[in-house]
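The figures here come from the full heavy-atom set of this structure, side chains too, leaving out hydrogens, waters and symmetry mates. Convention: sequence-line order gives letters A, B, ...; per-chain numbering from 1.
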2 protein chains.
Amino acid sequence: MKNYIKTSWKETSHEFLDPKLKQKVFTAKNVMIVHYVYDPGLEFEEHSHPQEQVTIIQSGRLLLTIAGEKVELQTGDICSVFPNVSHSSVVIGDEKVEAICIFTPISERVIIDKSS
Amino acid sequence: MKNYIKTSWKETSHEFLDPKLKQKVFTAKNVMIVHYVYDPGLEFEEHSHPQEQVTIIQSGRLLLTIAGEKVELQTGDICSVFPNVSHSSVVIGDEKVEAICIFTPISERVIIDKSS
């Protein structure tokens, strides 16, 4: 029986979901953790999911709109969007955003396919 | 009804749990996220808890012992210790360790009081 999972993010390449969006995913037992890099101009359209989503901003600025309320995040900010709450986001300014996002519980699919 | 929680970690001071251990805690709905700084020499004795614990090392080196197996973590490493699995840890070398730990589900008390 496994007792732990370990990964080196330094030795893992990002995968591109979109030319302006790349991610590294770590899937644990009850939580999924994603290291994201968003390029300037990236927008996520309004969506919701049953997972709670916690975003930790490591650098850059991101404007979230959570159930219609605008919430600006910058380096060092941490924000939980509660389960099933509608939200969208857009990068502010011309700096990339580096963020760690935590999703719980785990789902096969928390990322909304922007092309659908 | 609240839809989100936001905190600025830049504007929050660490609290000292021990002269060699300080933390900033963010409690979300289903997950607790802690920013830790461990000084050289810090040790956590063997303990376990019902929460899954995911550790992201931001800097420094930490030796975990998970169910008797030694697992060395360094900058960029991410490791999940599964629920109820016994683990201990010790800082390696003379550099501080900066880590983000994610505990899920939330508990009133996931930190083992070292004095008890």
Asks: Between Lys29(B) and Glu52(A), what is the shortest heavy-atom contact and its length?
Replies: N-OE2, 2.8 Å

Asks: Could you give the distance from CD1 (Ile78(B)) to NE2 (His35(A)), rounded to the nearest 0.5 Å?
Replies: 10.0 Å

Asks: Non-hydrogen atoms of chain A under 4.5 Å away: do they reach the side chain of Glu11(B), the backbone, both or neither?
Replies: neither

Asks: Can you list the steps and then say if Tyr4(A) with Glu69(B) is a side-chain contact (heavy atoms from CB on, under 4.5 Å)?
Replies: CA-CA 10 Å; Tyr4(A) 72 95; Glu69(B) 186 176 346; 2.7 Å; yes

Asks: Given side chains that start at C-beta, do those of Ile5(A) and Phe82(B) come closer than 4.5 Å, heavy atoms only?
Replies: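 Answer yes - side chains close enough.
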
Asks: Does the Lys6(B) side chain pair with the main chain of Glu72(A), one donor and one acceptor, at a distance under 3.5 Å?
Replies: yes

Asks: Working to the nearest 0.5 angstrom, can you tell me the gap between Lys2(A) NZ and Ile66(B) CD1?
Replies: 10.0 Å

Asks: CG of Asn3(B) to OG of Ser86(A): how many Å apart, nearest 0.5 Å?
Replies: 9.0 Å

Asks: Honestly curious: do Leu62(A) and Val85(A) fall in one hydrophobic cluster under the side-chain, below-4.5 Å linking rule?
Replies: yes

Asks: Got a sec: does the NZ of Lys24(A) have more than 12 other heavy atoms crowding it under 6.0 Å?
Replies: yes

Asks: From Gln58(A) CD over to Gln58(B) CD, what is the distance, rounded to the nearest 0.5 angstrom?
Replies: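 With rounding to 0.5 Å, CD (Gln58(A)) is 5.0 Å from CD (Gln58(B)).
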
Asks: If you round to the nearest 0.5 Å, how far is OG of Ser8(A) from CD1 of Ile57(B)?
Replies: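 Atom-to-atom, Ile57(B):CD1 and Ser8(A):OG are 11.5 Å apart.
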
Asks: Treat each ILVMFWY residue as a node, draw an edge where side-chain heavy atoms are under 4.5 Å apart, and state whether Val37(B) and Val90(B) are in one component.
Replies: no

Asks: Between CG of Asn30(A) and CZ of Phe103(B), what distance do you get to the nearest 0.5 Å?
Replies: 14.0 Å

Asks: Does any heavy atom of chain B fall under 4.5 Å from the side chain of Ile102(A), the backbone, both, or neither of them?
Replies: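 Just its side chain gets close to chain B.
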
Asks: Any link between Ile33(A) and Val25(A) through a network of hydrophobic side chains (Ile, Leu, Val, Met, Phe, Trp, Tyr) touching at under 4.5 Å?
Replies: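 Yes, Ile33(A) and Val25(A) fall within the same hydrophobic cluster.
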
Asks: By a 4.5 Å heavy-atom criterion (distance strictly below it), what part of Thr75(B) contacts chain A: side chain, backbone, both, or neither?
Replies: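 Both parts, backbone and side chain.
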
Asks: Is there a path of hydrophobic side-chain contacts, each under 4.5 Å between heavy atoms, that joins Ile106(B) and Leu17(B)?
Replies: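 Shared cluster, yes.
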
Asks: Is the shortest heavy-atom distance from the side chain of Val31(B) to the side chain of Val54(A) under 4.5 Å?
Replies: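 Yes. Closest side-chain heavy atoms under 4.5 Å.
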
Asks: Side-chain heavy atoms under 4.5 angstrom apart, residues restricted to Ile, Leu, Val, Met, Phe, Trp, Tyr: same cluster for Trp9(B) and Val34(B)?
Replies: yes

Asks: Can you say whether Ile100(B) sits under 4.5 Å from chain A via the side chain, the backbone, both, or neither, judging by heavy atoms?
Replies: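 It is the side chain, since no backbone atom gets that close.
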
Asks: Measure Val71(B) against the heavy atoms of chain A and call it side chain, backbone, both or neither at under 4.5 Å.
Replies: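 Contact with chain A: side chain only.
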
Asks: In terms of heavy-atom proximity below 4.5 Å to chain A, should Gln53(B) be classed as side chain, backbone, both, or neither?
Replies: neither

